Each structure stands twice: as structure tokens, then as C-alpha cells.
Amino acid sequence: MKLSWRTVLLWALPALVIGFFLWQGSFAATPMSMSRNTASTRMTYGRFLEYLETDRVVSVDLYDGGRTAIVEAVDPELDNRLQRLRVDLPGNSPEVVSKLRDAGISFDSHPARNDGAIWGLLGNLIFPILLIGGLFFLFRRSGNVPGGPGQAMNFGKSRARFQMEAKTGVMFDDVAGIEEAKEELQEVVTFLKKPERFTAVGARIPKGVLLVGPPGTGKTLLAKAIAGEAGVPFFSISGSEFVEMFVGVGASRVRDLFKKAKENAPCIIFIDEIDAVGRQRGAGIGGGNDEREQTLNQLLTEMDGFEGNTGIIVIAATNRPDVLDAALLRPGRFDRQITVDVPDIKGRLDVLKVHSRNKKLAPEISLEAIARRTPGFSGADLANLLNEAAILTARRRKEAITMLEIDDAVDRVIAGMEGTPLVDSKSKRLIAYHEIGHAIVGTLLKEHDPVQKVTLVPRGQARGLTWFTPNEEQSLISRAQILARITGALGGRAAEEVVFGDAEVTTGAGNDLQQVSNMARQMVTRFGMSDLGPLSLEGQSSEVFLGRDLMVRSEYSEEISARIDAQVRSIVEHCYDMARAYIRDNRTVIDRLVDLLIERETIDGEEFRRIVAEYTDIPEKEQYVPQI
Ligand code: ADP
Ligand code: ZN
């Protein structure tokens, strides 16, 4: 969920106003010049005179030109304890001074401090300035619509913040790796360019297309390419921007968007993250989100309202089509669904080709090799990868991107920024054992992906990392493969425990354990891979929306739930026993590998396997190597 600036400001302004009054209040309570010397208790002037006469006053400090005094006095009722009291004196009272002198009480007078006054002035000014600045900013932002500055102060009617691009400049050539989607959408371009061809034979031109796929796969890019190819304007807005805190704003935005679009037809309207508005109505606890429903209803009304042939095509994107309200998917609305998936190896190669067009690559670089190394990368990841490599190249003052930069960039895209390695210490040793634990279990299990490298160079959150070469064919995973992954993920903790003992295990395995429980639970509840039998225990609609959050509602009885837990535990325990056994049985080679890793920080997969093979047999792994 993106937090827009204006949302932040809308919340921040009331807070500022309240803060202003609170601050003012706190200053009013104490004279500015005394703010460092405050006595908490007040005493009346009359009482003060009484104290003076009964010789209880020890010392007096005068402030504010003699209008306020801080009095130190003893109180016989409180064991003669010394008290500091504040007294407001009636104006500039010289008789007090003479009284003090007569009584022989030590007193002093303090001038008002100037810097205090300046700070006070600033303090008094700063909130109004912030307030005015904030309001100014707010109005400027809301004026950011194609309509121009005339709408700046127009609160109720329209504060639409959709973007319009007259020319996107994106062509189908810029989109790669999603050929089927491109082909299907080719037709939409023809609808926009030559509608007569369809209307002449009585065909109804579709109004809405739903692009379904994970983030970064190029859905926005595709929509822009359609507009670019057809040479029509591109209007875009994100579903999350519709969902505002004021009821009615979202709906008025939708109305406005369609109004502008009609004025500019033929055109494309692109709604990103439509699931933010388009969730099933009435699905939330307590009747759902009124605002969202109003917005959704308005969207449906607008889509029904224009004739099929006005030349507006609405393209929406989501990665959760299952949560969308059925009304959205009815004929005449988003009745076309096009899947945009992460690219396969061939697709990745094509995306890499597109994004390397404007980059200098060293001749030895093989885009095929990069495509091979990056299963699961989306188009956006690949674009990001090449960009990171280019940045690294510039930073290293090289002429062209080499494989070295590519490798570093892949690591960075997957695991975040590189940190500085630890100095040799007990905890470095423990991390080394942890990583070698993952790597050795992964190497010795036939069904586990092979080790690509082990490193102690921290990246992102991780303090050390073991990289595996993932198999290209990831869509079907066998039970043995999942068990191997669980065991491999437990290898780190197992090594910590076997080598350092139960008491020394660390929090470093937290992430591993989370993955382990996820995998084990899914084996039981989704894939029917446990003793509970081939049952799917998780319905599609097991989520209840709580405003914008969601909560998982279990659909099974407590008894089943207890049995699921027992199954999950037994799977994990079994795998953990295996992992520990692998560590114990291979202690000699593990110790050697740990020493090597601490010395060198990184061991690559080839060398790792060569060393392990000196001690024990490594099973042959079946890696599916795709052809390009
Ligand atoms: P989505 O809308 O699916 O989240 P975007 O279209 O915003 O993804 O993709 C972000 C960026 O990633 C694009 O601007 C483009 O540079 C790159 N990209 C993503 N998919 C592709 C693709 N299939 N071909 C070329 N570039 C892509
Ligand atoms: Zn780990």
C-alpha cells in the first residue's frame, strides 16, 4: 500500500494544530526566562509575606524585572524541609527588596534572558509557518490534475490525481518475454485504431481488460504500449489512491477520471492495483468499507455508462483476481482476463535484450548465461539488474559492463546491499558453521538444489548466505523436494546445535525456521502430503477483510486443527533429525570447510563439492537444463 503525501498531510495538520496549542499552553504557564529554573509549586503573595515575617524564607531569586520570585523556604510542618516555591509579586515591588534586606535574607535578581526570548518568538512562529506551508503544499498537490490550477481550491468536487500522458512513447517492442499477452492485446490496439472494422459487422468492442500477474512483470508497461501503438492518450491511477479516508472522494475521483477520459477519447484508462477498490463487497467484518464500496459502485456505473464504441478501453491490473468482486468480471466490464506471468528463460533473455539496448556490454557477456542464472526474476528485476550492473561499472570506472558487475548485481538484487564482513570472532565462526550447515545438507541431499556458493559477506539482513542454483522447472515440486528444502533450511540451526551445544544456538535461524514452518504447513494443508491424506484444508475464500487488512479464518474444526499441528511438527522434527545426523556424520569436512570459509569469506559451489567429495560420496543431482 502506498501512502500518499496528501494522506500524510491530512493527518499531520490536525496534529500540528493541536501541537501548537499544547506548546503555546506550556509556554504560557511559565515565564520564558525562568524555564530552566522552574519551581513546581506556587505560593500566594500574602503567604510569602507571612513566611517572611516568620523567618521561614532562606533565599529569594527575583526574575522578570522583579515580578516573579523563586523562594526557598523551610516548612516546619514538613520537618523543616527546604521547599522551592514560585511567587508572583504585585508589579515591581521595591518594598519587598527592602524587607528582604532588613531580614538579612540572601537575594539575587536575574535579568530576562535574551536568547530565551528569541527562541520563544521562534517557537511561537514555527507552528503557524508549518501550518501555512502545509496547507500551501496540500493545495498545490491537489491542483496537480490535467485541469490545471483552476481546481486548486476545489475540495469537495474533485481532487483527482490520475496521471495523463498524451504520448507514452512505449511500443510493443519495448515489452518482452510475455508474447501471448502481447498477441492478445494487439487486438485492442486495432479496436482503438480502426473501430469501424468491428462495428461494421456488429461486433461489440470490449470495454475492460484485466491483466493478472505478480508485480514487476510489465503490466503497466503493456498498457502503456497499447496506448503508444494506438497513438492515444494514457490515463492512469492506482486503486490504492481511490481509497481515501473521506467518504465520497474515491467515487468523485472515478467520475472525474471518466469525464476527462471521455473528453479525450479514444484513450486508455489504466487502473493499477484494482483489488484495492475491487474487493468483494460486504466481505469485511462489520459491513465492510463504505468508501471502497462507493468507489467500486461508481466504477461499475461508469463502465456501464459509456457505450462500447466510445473508444475508451479500461485496463486494470491485479495479482489477486480471486478477491475481486464478481460484478467487476461480468460481461461488459472486465470480461477479458490476460495473464502476465514471470518470464521463462527465453522470456528473460528477450527482456535482457530489450534492456541492454542502451547499455555498453563487454563482448564476453552472454545474456543467455544471465538468463540461466535468474529463474524467478520478473521483467522489473531484470531491468533493475542491468541498471545496477551499469551503476557498478560506472563506479569502478570501467568502459563496459563485465560479468563481474553482472554477478555482483544479481547478488544485490536478490539479497540486498553488501556489508562489511565480521572480524574473526566466535560469532563469525558460528555464522560460518551455520552456513556450511545449510550447504552440506543441501549438497548431500539428492533432491536439493546444488550449492552455488557460500559466503560470509553479509547482505541486506543476512549475516552470511548460502546460494543455491535453482532449477528452472519450478512449477511442479515433489514431496521429496520439499522435504529436502526443509531439511536444508534446518541445516544451519542443526550445525549450530551440534557444534556449539543447545545453549549456544542463536536467533540467526529465525528466517530459516519461518520458511520451514511455512513449507511444512503447506505440505499438510494445501498439497495433501501428510498422514492426513490428500486433502486441501485451505479454502480459496478463507480470508476476511478487516478494513484494509486481512485475517485468516480457519475453516476446519479444532480437532483437525490440532491434527494439522501434530503433522507439521512431526515433519519438522523428522527433517531436523536428518539434518543433525548429516552434520554429526560429516564433522571433519565441516570443520575444514569452516576454516576455509573464515579465511576466504566465499567458497564457490565447484570447490565446495570437490572438498566434500574427498570425504564422502555426493549424489548425482538432476538439474533440468532448459534449451533456449
Ligand atoms: P507491473 O505493472 O506489472 O508491476 P511494470 O510494468 O511497472 O510492472 O514494470 C516495471 C518496469 O520493469 C518497466 O518499466 C520495465 O522497465 C521493466 N519491465 C517489466 N516487465 C517487462 C517486460 N516484460 N519487458 C520489458 N521490460 C519490463
Ligand atoms: Zn540460515
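Just so you know, ligand 1 is whichever comes first in the structure, and atom 1 is the first atom listed for that ligand. Everything quoted here is computed from the prediction, not taken from an experiment.
- Between D272 and ligand 1, not a single N/O pair is under 3.5 Å apart.
- Side chains of H355 and N387: no donor on one and acceptor on the other come within 3.5 Å.
- Of the possible donor and acceptor atoms, one in the side chain of K219 sits under 3.5 Å from a partner among the backbone N and O of P214.
- Ligand 1 has no N or O atom lying under 3.5 Å from any N or O atom of A383, backbone or side chain.
- The nearest N/O/S atom of D512 to the Zn ion (ligand 2) is OD2.
- Screening I271, I274, V314, L328 for a side-chain contact (heavy atoms from CB on, under 4.5 Å) with L210, the sole residue that qualifies is I274.
- The aromatic rings of F500 and Y433 stand perpendicular to each other, their planes meeting at an angle above 60°, with 30° marking the opposite boundary.
- For atom 16 (O) of ligand 1, the nearest protein heavy atom (residue, atom name, distance) is H355 CE1, 3.1 Å.
- Counting the atoms of ligand 1 from 1 in the order shown, those under 4.0 Å from a heavy atom of K219 are 1 (P), 2 (O), 3 (O), 4 (O), 6 (O), 8 (O).
- The angle subtended at the Zn ion (ligand 2) by NE2 of H434 and NE2 of H438 is 90°, given to the nearest 10°.
- Evaluated by nearest non-hydrogen atom to atom 23 (N) of ligand 1, the leading choice among G379, G177, A176 is A176.
- By the 3.5 Å distance cut-off applied to N or O atoms, L221 is counted among the residues near ligand 1.
- Under the 4.0 angstrom criterion for non-hydrogen atoms, I178 is in contact with ligand 1.
- The closest side-chain donor-acceptor pair between Y576 and R493, if any, does not fall under 3.5 angstrom.
- Just one residue in the list T466, D411, T602 forms a side-chain hydrogen bond (donor to acceptor under 3.5 Å, both in side chains) with T455, and that residue is T602.
- I345 contributes atom CD1, which lies 4.5 Å from atom CZ of R372 (distance to the nearest 0.5 angstrom).
- D449 and T469 share no donor-acceptor pair across their side chains, judged by distance under 3.5 Å alone.
- Taking only nitrogen or oxygen atoms, main chain and side chain alike, G218 reaches within less than 3.5 Å of ligand 1.
- Contacts of D174 with ligand 1, taken as heavy-atom pairs under 4.0 Å, involve the backbone alone.
- Less than 4.0 angstrom separates some heavy atom of P215 from each of these atoms of ligand 1: 4 (O).
- Judged by distance alone, the side chains of E405 and T402 do bring a donor and an acceptor atom under 3.5 Å apart.
- Residue G216 has at least one N or O atom closer than 3.5 Å to an N or O atom of ligand 1.
- Of the protein's non-hydrogen atoms, A380 CB, 3.9 Å is the one closest to atom 10 (C) of ligand 1.
- Ranking the protein heavy atoms by distance from atom 2 (O) of ligand 1 puts T220 OG1, 2.5 Å first.
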